[in-house]
2 protein chains.
Amino acid sequence: MPRPKDPAVRTQLIERAAVMLREREPITLRSLVAGTGVSTMAVYTHFGGMDGLWRALRQEGFTRLGARLRTVALSEDPVQDLAALAAAYLDSALTHPDLYRVMFDASVDLEDLPAADAGLEHLVRAAGRSRDAGRVRADVDPLELAVQSWVVGHGLVSLVATGPLPRAALDHGPVLLTALLTACGDDPQRCRASVERGWHRPAPDDERTPIA
Amino acid sequence: MPRPKDPAVRTQLIERAAVMLREREPITLRSLVAGTGVSTMAVYTHFGGMDGLWRALRQEGFTRLGARLRTVALSEDPVQDLAALAAAYLDSALTHPDLYRVMFDASVDLEDLPAADAGLEHLVRAAGRSRDAGRVRADVDPLELAVQSWVVGHGLVSLVATGPLPRAALDHGPVLLTALLTACGDDPQRCRASVERGWHRPAPDDERTPIA
DNA sequence: TTACATGGCATAGCACTGCTATGTTTCATC
DNA sequence: GATGAAACATAGCAGTGCTATGCCATGTAA
């Protein structure tokens, strides 16, 4: 019997927050609702406060990242696919560095871990296919290989996006990935070729993720 | 002819900020100076504001990290030393996760890049010694190998310290490091043994870094 | 159709943040 | 000593997130 909360307000606020994040404007309670016609209380009814807004923003980031990874077309070469997924991950993070920072900055809430896992799942599948195809040894755990790839990707993008390393350092990506997969049993030359192919695969045209 | 600023105040404030960081108390201008006898203006004369304090804290973190790396005793096995340095890096970061977060959180100022480079320099030297000893190919650039090791270490410690990955994920460290060095030409078995030796080397007794 | 109650939403004010304008004190220099 | 510049203390500023309070829209029930 109560008045239902307008979901449009929620998406409007998240969208606006994402834009402000991209424009590098400081996101404050009042600056967020300014011009939207809604009052500051809307933030509390929809998100429970600014913390909730940041959490929603973080979750939205994971959702978008997952969507981006889903656009990576799979081939018959699972190693190439793994590299393509890693490249897409880096590309997405570096295209929206502020959103990426929000995603991993604060102490991650347990509730948006599933969203992060959903993204990781793509890597796990590629790793599993690599194993099934005999590219890596049968005793390689797909999850472990996926996590290791994630570690490499996250380390790379963090050090590049946050400042210390120049953009050119991204070239270490294929090297590290090849080293990892080769250590898992893939043939060095073939691995190198697959990784290079996947790494430099062009992004899909609809790369324009509306968020941030 | 002016009155000189008391350097003791500066170190007192930094030390107190580090303690508050470790205690997970929010560091605000007023809470920082509370109980110290100095007024809020001291923060401005010594650091130019809160931003300057964070910057000083960041620099102090890099200094401490460099000091920690310097305590790693070198052996005749440069690969083992590289692994020991990486392990010390992880250990230092995970012992003081909040300080580590401050170091890499915000956009890094160019002025404290030298401090970060000083820490990296240890890795570069170990990489160079590995090359000179013939453990890795002659065409391996020590700086590149050091950066790649850094990427692995930073990715690992970030994902573990910030939440997504459990502490047990640190075990991926030796795997990744071995993969990297093996790809650089080291013998797989020998490399693995060296890395394991360096990784599990006990920390020096005076590990108690006074900061944070 | 009408009365009601429930929760969305607006307004105003709270304690707190970093910062600055304005004195007051202190000390190296002449 | 006298001087003057800088360190330092005090008070007040705009802005922050949040909450107490009241109004009003809306789905349900009579």
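Not measured: the values here are computed from a predicted model.
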Expressed in angstrom and rounded to an integer, what is the separation of [X] atom [atom1] from [N] atom [atom2]?
X	N	atom1	atom2	value
A:Met20	D:dT16	CE	C1'	13 Å
B:Ile27	C:dG18	CD1	P	10 Å
A:Leu32	C:dA10	CG	P	13 Å
B:Arg10	D:dA7	CZ	C1'	15 Å
B:Arg30	D:dA11	CZ	P	12 Å
B:Met50	C:dC16	CE	P	16 Å
A:His46	C:dA10	NE2	C1'	13 Å
B:Leu29	C:dC16	CG	C1'	12 Å

- Taking 4.0 angstrom as the limit, do A:Asp105 and A:Arg58 come out as a salt bridge?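 Salt bridge absent between A:Asp105 and A:Arg58.
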- Does A:Asp98 pair with A:Arg22 as a salt bridge, N-O distance under 4.0 Å?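 No, A:Asp98 and A:Arg22 are not salt-bridged.
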- Item | Distance-minimising heavy-atom pair for B:Asp81 and B:Ala73 |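 Answer, listing the atom of B:Asp81 first, then B:Ala73: OD1-O, 4.2 Å.
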- Phosphate OP1/OP2 of C:dA10: any A:Ser39 side-chain N/O under 4.0 Å: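 Answer yes for this pair, as a side-chain N or O of A:Ser39 is under 4.0 Å from OP1 or OP2.
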- Message: Is the phosphate of D:dT19 approached by A:Tyr44 (side-chain N or O, under 4.0 Å from OP1 or OP2)?
- Response: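 For D:dT19, neither OP1 nor OP2 has a side-chain N or O of A:Tyr44 closer than 4.0 Å.
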- Query: Is it true that the side chains of B:Ser194 and B:Arg135 contain a donor and an acceptor less than 3.5 Å apart?
  - Reply: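 Distance-only check passes for B:Ser194 and B:Arg135.
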- Query: Taking the nucleotide of DNA chain C with the closest heavy atom to each, which residue, A:Thr40 or B:Gly49, is nearer the 5' end?
  - Reply: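 The residue whose closest nucleotide sits nearer the 5' end is A:Thr40.
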- Task: Name the nucleic acid region contacted by B:Val43, choosing base, sugar-phosphate or nothing; use a 4.0 angstrom heavy-atom cut-off, strictly under.
- Result: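 Counting heavy atoms under 4.0 Å across all strands, no contact is made by B:Val43.
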- Have a look at A:Gly37 and say if it touches a base, only the backbone sugar-phosphate, or nothing, with a 4.0 Å heavy-atom cut-off.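 Here A:Gly37 touches the backbone only, sparing every base.
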- Query: Quick one: are the ring centres of A:Phe104 and A:Phe62 less than 6.0 Å apart?
  - Reply: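 Yes.
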- Identify, between A:Ser31 and A:Met41, the residue whose nearest nucleotide on DNA chain D lies closer to the 5' end.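 It is A:Ser31, whose closest nucleotide lies nearer the 5' terminus.
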